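Notes follow once the structure below has been shown.
It should be emphasised that the depicted structure is a prediction, and the values quoted were computed from it without experimental measurement.
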Amino acid sequence: MSNQKKQSFLGGAAILAAAVAIVKVIGAFYKFPLNNILGGEGKAYFNTAYYIYNVLLTVSTAGLPLAISKLTSQAHAQGRENEKRKIFRTAIVLFFCLGTVGSLFMFFRAEGLAEFLENSLAHQAVRALAPAVFCVCLLACMRGYTQGQGNMTPTAVSQVLEALCKLGIGLPLAWYLLRAGKSLEMGAAGAIFGVTIGTVLSMAFLIGYLLTHRNRTPSLDVPSGSGALLRQILVIGIPITLSNSAMSIINLIDTKIVMGQLQNALLLSEKEAAALNGQYGMAMDMPNMVASFVYPVTMSLIPFAAAALARGDHRGADRIVSSAFRLIAILALPAGIGLSVLSTPIMVLVLPAQYEDALAAGPHLRILGIALIFICLMILTNAILQTYGKEKLPIFTVGAGGVTKVVMNYVLVGNPDINIHGAPVSTLCCYLVIVGLNLFFVWEYSPEKPRYLQLFAKPVVASVLMGGAAWAVYGFADRALGGHSVYMANAAATLCGILAGVAVYAVLVVALRILRAEDVRSVPHGEKIVKLLRLK
């Protein structure tokens, strides 16, 4: 891989962002039809398995791949080829062990895990997803190694391959099982089995890539011992793992509390509680899809900023961080406001076969759209703190937000006048607390203090104007098309509102000079974009 031209930060982020865009388009063709097939109740079984999977996954892979990426990036910047190889050999053994333990635990304890979350019928979906833990552990190690060398392409290709398998196998399998008269639990298990197959094939691709792109260039550097490298991986990775897995663990406990309060405080049956929780999960799919675009920025941020710091280039690291802030502001603010102002029309658009669920999920999305802004900022600020060697701080901030979420859900969901509508409110407050603390610590520990007002003022103004335009155009189009079918009128009006919002925002980004030349110069054809938009 040494003969490959090292990608820049924004170039790497662009490759991963392009992959995520493709993955999310594929994911939309998977998730939205799946929601229509399963409905709220089936969605709850699917989500329960995913929450358990995410906890095991984040404990195994949340921080350690970033540690591998950071150590590999530093060795790569210093030309220490033998060190890079030793890092990978040490890490792959660690991840093999973690993956094996995680998969076996999830498979053999599926019933107990589902019962813990007050959703016992989800155990088949939990078991169907268990093998994916092992595969993703190895995937995380290999992706961290290639990203640490500034090569984001293998990660991008493997992500697309994984998404295609999920769509091509999981969705047809769920549809077939339900058509064959199987239960919703079995349908959810079939859908989630496609995820497992996708991770298997994605892992096979990355193994093949590494075997055919081995760097055999001789190097004179003497690598550190396996024990020393393992300690470095753990010292860097464990705090990141704790901060990232804290949110997954809190979400798991939060799900238990929501399901428990719906059943115990409001006296609903397990199926009724699952249906309400599934409607909230359907609304949460939208912010989660958009937030996924932040991860390419953070995955590219850490190795490149770490390499700049290893060279003593603090100014270069600061430029990378500032560009990341601007990119996230330009993406997250309009996306969050857009989802909020068009919440119910969007849910009706993507859930034509589950109209009642769509109407119920709309008010959730109105709040979660604003929460999306803070979810994106949390992901970014966590990565910035980790890059500057403050890996332990996100543990505290995420913990504070998680406690807020759990307490608020217990109080609000247990209130008959609020019930499931308390879940999105607690989610918003959770991320508000985390981001408020994170922004303070980023300002405190950055060599050059970030100017938050300068970074966010113009995107906020542009996003509010965009939201107003989208809402006004949707309302006008909806009234004009009132004589047509309900779904088609809503679909046309929603798309008109979205297109109007995009057009207004695009004009405002250029007119207000929100985007800078340095933010796009390193992406493919960046110079042409700079000249076309006359960026400075």
[atom2] on [Y] to [atom1] on [X], rounded to 0.5 Å:
X    : Y    : atom1 : atom2 : value
N288 : Y50  : CG    : OH    : 10.5 Å
L439 : I384 : CG    : CD1   : 8.5 Å
T427 : I375 : OG1   : CD1   : 7.5 Å
I420 : N277 : CD1   : CG    : 5.0 Å
E185 : L38  : CD    : CG    : 10.5 Å
T381 : F440 : OG1   : CZ    : 13.5 Å

Do [X] and [Y] come close enough that some side-chain heavy atom pair is under 4.5 Å?
X    : Y    : result
V425 : H421 : no
L428 : L368 : no
L372 : L339 : yes
V442 : K390 : no
L113 : L117 : no
N119 : E270 : yes
T404 : S426 : no
Y355 : V486 : yes

Taking [Y]'s backbone N and O only, do any of them form a donor-acceptor pair with [X]'s side chain (distance below 3.5 Å, no angle check)?
X    : Y    : answer
Y30  : A191 : yes
T397 : P394 : yes
S340 : R366 : yes
S446 : W443 : no
N264 : G260 : yes
S202 : G198 : no
N490 : P345 : yes
Q261 : V413 : no
T199 : V136 : no
S463 : P459 : yes

Minimum heavy-atom separation for [X] to [Y], with atom names?
X    : Y    : answer
T344 : L359 : CG2-CD2, 4.0 Å
L173 : G190 : CD2-O, 3.5 Å
E272 : S269 : OE1-N, 2.9 Å
A130 : S103 : O-OG, 2.8 Å
L167 : P172 : O-CD, 3.2 Å
I418 : L412 : CB-O, 3.5 Å

CA sep, side-chain torsions, deciding dist, call: L129, V195, side chain to side chain contact (heavy atoms under 4.5 Å, CB included): CA-CA 7 Å; L129 196 54; V195 178; 3.8 Å; yes
Matching residue for E111 among Q124, R127, H123 - test: side chain to side chain donor-acceptor pair (under 3.5 Å):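 So the option named by the test is R127.
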Count the heavy atoms belonging to other residues, nucleotides or ligands that lie under 6.0 Å from [atom1] of [X], then report whether that count exceeds 12.
X    : atom1 : answer
F29  : CZ    : no
Y487 : OH    : yes
Y505 : OH    : yes

Step-by-step side chain to side chain contact (heavy atoms under 4.5 Å, CB included) determination, F193 to I197: CA-CA 6 Å; F193 187 67; I197 297 299; 3.7 Å; yes
Geometric cation-pi criterion K256 and F116, 6.0 Å radius, 45° cone: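 Geometry flag: set, cation within 6.0 Å and 45°.
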Parallel, tilted or perpendicular: rings of F441 and F396 (30°, 60°): perpendicular
Aromatic plane relationship, F456 with F325 - under 30° parallel, 30 to 60° tilted, over 60° perpendicular: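 Correct class here is perpendicular.
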Lys/Arg-Asp/Glu bridge criterion (N-O < 4.0 Å) met for E444, K449: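 Answer for the salt bridge query: no.
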Check: [X]/[Y] side-chain N/O donor and acceptor closer than 3.5 Å:
X    : Y    : value
Q279 : D357 : yes
T196 : Y53  : no
N382 : N438 : yes

Full working for side chain to side chain contact (heavy atoms under 4.5 Å, CB included) between C430 and I434: CA-CA 7 Å; C430 164; I434 296 171; 3.9 Å; yes
Intermediate values then yes/no, salt bridge (charged side-chain N to carboxylate O under 4.0 Å, His left out), E162 and R143: CA-CA 13 Å; E162 195 174 332; R143 286 170 176 170; 3.3 Å; yes
Verdict with reasoning, D285 to K43, per salt bridge (charged side-chain N to carboxylate O under 4.0 Å, His left out): CA-CA 11 Å; D285 282 344; K43 178 67 174 179; 2.7 Å; yes
Derivation of the side chain to side chain contact (heavy atoms under 4.5 Å, CB included) call for M286 and I346: CA-CA 9 Å; M286 303 299 293; I346 288 173; 3.6 Å; yes
